[in-house]
Amino acid sequence: MPELTNDYSRLSQQARDYLFRDHLMLVNGQRIAAESGETIEIVDPTNNEPIGRAPSAGAIDVDKAVKVAKCAFEEGPWPRMTPGERERLILKLADLVERDRVMLAEIEVLESGRVFGAVQAFDSDLAVTCLRYMAGWATKLTGKTIDLTAPYAPGMKFFAYTKLAPIGVVGAITPWNVPLVQAVWKIAPALAAGCTVILKPSELTPFGALRFGELALEAGIPAGVVNIVTGTGRTAGAALASHPLISKISFTGSTAVGKEIARASAEGLKKVTLELGGKSPMVMLGDANLVNAIPGAAMAIYANHGQNCCAGSRLYVHSSIYDKVVAGIADIASGTVLGSGLDPESQMGPLVSRKQQERVLGFVERGVAAGAELVVGGTALDHVGAYVKPAILANVNHSLEVVREEIFGPVLSVMRFDDENEVLKLANDSSYGLGASIWTQDINKVHRFAEGFQAGTVWVNVHNVLDMALPFGGVKNSGMGHDLGEEAVLQNCTVKAHVINLT
Ligand code: NAD
């Protein structure tokens, strides 16, 4: 049995030195406290004990950081460097994140509760890949030449072209579920485009982002280009979203907060990209290859403890395979080894906080009270850590809260179907539209479902595959705009049209 509470003697000396020191924000290359002196306690969810404190920025601190980033954008070297020079510095930053990959993963294990191996793969290593991919875009942003007609100017000739210019100061606001990589998804494309950035990480998980900011300085990215402000959403986040000098807000988080951010951004007509919640369906047809589909569906919901925006949280299974699929996923759920993220035997750690644990358990209790069958899991461990045993709610009525609302925990709702046309309608009958997957060996059905799903990403015989080169975004209440891919870089640019009189 793995340990349930993190054993800090397992941490590298580098992580210990970093974590157990005073944490300050990073503005203009300086480590600073909040003007008010206020701080927020950061808690290890395996023992509900504090691991440190981070400054709690107020509107004054946010204003200071935005003015610094504005000055760095208008007067500093970053937007004026050659694209090749920017590329070189972002690549240098990637090398430093790679150098510190273990320490960065250890930081995220402690503040988010997740398991070291997964954190190293999805936070540290994916961050490196993202930085390298985005660095390449710095030298590949081009405009077009355009022949004009201008019927009101007969006889005149023009040479016209477009140019991609950095949009300005970008405010990035990120959640706690994959904190480092979320920060890098926002910062790297903005840097490639030539923007300056203020990041406000989640108040639950600020330490990885603060360390990333230090690495940006060490890489030689000029002071004021990457600024990290810590604090609550209500105060620091809201001040960033409404600040008049910000040109673009890039937000990942809940749909409710995303809508508040869109409203706050409207006043200054800021560009906004919103990566929001999801309730992603998985449809398993009768001919699905169950050797692949059963572990695939289990992974889709239980990876990262279900704390993935695109987690496959609704599973529709054809009647002919329903019992086998539910039993197979239940076996995987009940065999999952819960434990602290620093113990190599652990397969699943606690949720991010006691609050999140209560929230997830509440969904399970209400689901059962409303008639869902709890096949496995869905309870806490007899321990102070925020653990929830991976759960399956079966024979769920489509109208229940556990089918409609994002739980953001390891809880799968399973429904049975017979009619393939009907199941596509049910899959789309959601206010969300982030991801969807179809599990079948029939190529015609693959295309029919891929076309029919209302989702930003569709997977076939797999779920949750994200890549730096692939735009990631949602439709409906799952958001607007994209992270990742060329789209993410373009969303940090503005198109300028230039016209030259040749007559
Ligand atoms: P959250 O919306 O509570 O917080 C996200 C961030 O917004 C945090 O930094 C928070 O401090 C800040 N914030 C909160 N209120 C704010 C306000 N009024 N103004 C400005 N900023 C504010 O979300 P969370 O609980 O941290 O994360 C979980 C949510 O994130 C889930 O809904 C999940 O689906 C979503 N998410 C989406 C994606 C995606 O790419 N679509 C990825 C990861 C997580």
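All values below come from the heavy atoms of this structure, side chains included, with hydrogens, waters and symmetry mates left out. Ligands are counted one by one from 1 in listed order, and the atoms in each one are counted from 1 as well.
Numbered from 1 in the order shown, with element, the atoms of ligand 1 that lie under 4.0 Å from a heavy atom of Arg234 read 18 (N). Residue contact check: Leu434 has heavy atoms under 4.0 Å from atoms 41 (N) of ligand 1. Each of the atoms 9 (O), 10 (C), 11 (O) of ligand 1 lies under 4.0 Å from some heavy atom of Lys200. Remark: ligand 1 atoms within the under-4.0 Å shell around heavy atoms of Gln182 are 42 (C), 43 (C).
Side-chain contact between Thr46 and Tyr387 is present, with heavy atoms from C-beta onward closer than 4.5 Å. Val272 is not listed as a side-chain neighbour of Lys248, based on a closest heavy-atom distance of 4.5 Å or more. Looking only at side-chain heavy atoms (C-beta outward), Asp100 and Arg211 come within less than 4.5 Å of each other. The closest side-chain heavy-atom distance from Val403 to Asn397 is not below 4.5 Å. Taking the side chain as every heavy atom from C-beta outward, Pro390 and Leu338 approach each other to under 4.5 Å.
When only interatomic distances are considered, the shortest N/O to N/O separation between Thr232 and ligand 1 does not fall below 3.5 Å. For ligand 1, the polar-atom distance check finds no N/O of Thr255 at less than 3.5 Å from any of the ligand's N/O atoms. At under 3.5 Å, a nitrogen or oxygen of Glu406, whether backbone or side chain, sits near a nitrogen or oxygen of ligand 1. Among the atoms of Gly233, some N or O lies under 3.5 angstrom from an N or O of ligand 1. Polar contact check, Trp185 against ligand 1: no nitrogen or oxygen pair lies under 3.5 Å apart. Looking at ligand 1, you won't find any N or O of Phe408 less than 3.5 Å from one of its N or O atoms. The shortest N/O to N/O separation between Glu203 and ligand 1 falls below 3.5 Å.
Glu275 and Gly481 get closest at one heavy-atom pair: OE2-O, 3.5 Å.
By the 6.0 Å contact criterion, CZ on Arg234 is open, its count of non-hydrogen atoms from other residues, nucleotides or ligands being 12 or less. Surrounding NZ of Lys140 are more than 12 heavy atoms belonging to other residues, nucleotides or ligands, all under 6.0 Å away. Remark: Asp467 CG is packed, more than 12 non-hydrogen atoms of other residues, nucleotides or ligands lying under 6.0 Å away.
Here the heavy atom of the protein found nearest to atom 7 (O) of ligand 1 is Phe251 CE1, 3.2 Å. Summary of contacts: the protein heavy atom closest to atom 36 (N) of ligand 1 is Cys309 CB, 3.6 Å. Atom 20 (C) of ligand 1 has Gly237 C, 3.2 Å as its closest protein atom, hydrogens excluded (heavy atom only). Protein heavy atom in closest approach to atom 24 (P) of ligand 1: Trp176 NE1, 3.4 Å. Protein heavy atom in closest approach to atom 9 (O) of ligand 1: Thr174 O, 2.7 Å. At the shortest separation from atom 27 (O) of ligand 1 among protein heavy atoms lies Pro175 CB, 3.3 Å. In this structure, the protein non-hydrogen atom closest to atom 43 (C) of ligand 1 is Asn177 ND2, 3.1 Å. Closest to atom 1 (P) of ligand 1 among all protein heavy atoms lies Ser254 OG, 3.6 Å.
Protein heavy atoms are absent from the 4.0 Å sphere centred on atom 4 (O) of ligand 1.
Of the options Val257, Leu484, Asn304, the smallest heavy-atom separation from atom 16 (C) of ligand 1 is shown by Val257.
With a 4.0 Å cut-off on non-hydrogen atoms, Thr252 touches ligand 1 through its backbone as well as its side chain. When heavy-atom distances to ligand 1 are checked against a 4.0 Å cut-off, Glu260 comes that close only through its side chain, counted from C-beta outward. Residue Pro201 touches ligand 1 through its backbone alone, judged by heavy-atom distances below 4.0 Å. Proximity of Ile261 to ligand 1, defined as any heavy-atom pair under 4.0 Å, is confined to the side chain (atoms from C-beta onward).
Ring to ring, Trp439 and Phe449 are not that close: their centroids are 6.0 angstrom or more apart. Close placement of the His23 and Phe207 rings is indicated, their centers lying within 6.0 Å of each other.
Using a 4.0 Å cut-off between charged nitrogen and carboxylate oxygen, Arg114 and Asp123 count as a salt-bridge pair. Taking the charged nitrogens against the carboxylate oxygens, Arg314 and Asp429 have no contact shorter than 4.0 Å, which rules out a salt bridge. The residues Glu203 and Lys200 are annotated as salt-bridged, a charged nitrogen and a carboxylate oxygen being separated by less than 4.0 angstrom.
For Ser250 and Lys186, the side-chain atoms include at least one donor-acceptor pair closer than 3.5 Å.
Not a single heavy atom of Ala241 sits less than 4.0 Å from an atom of ligand 1.
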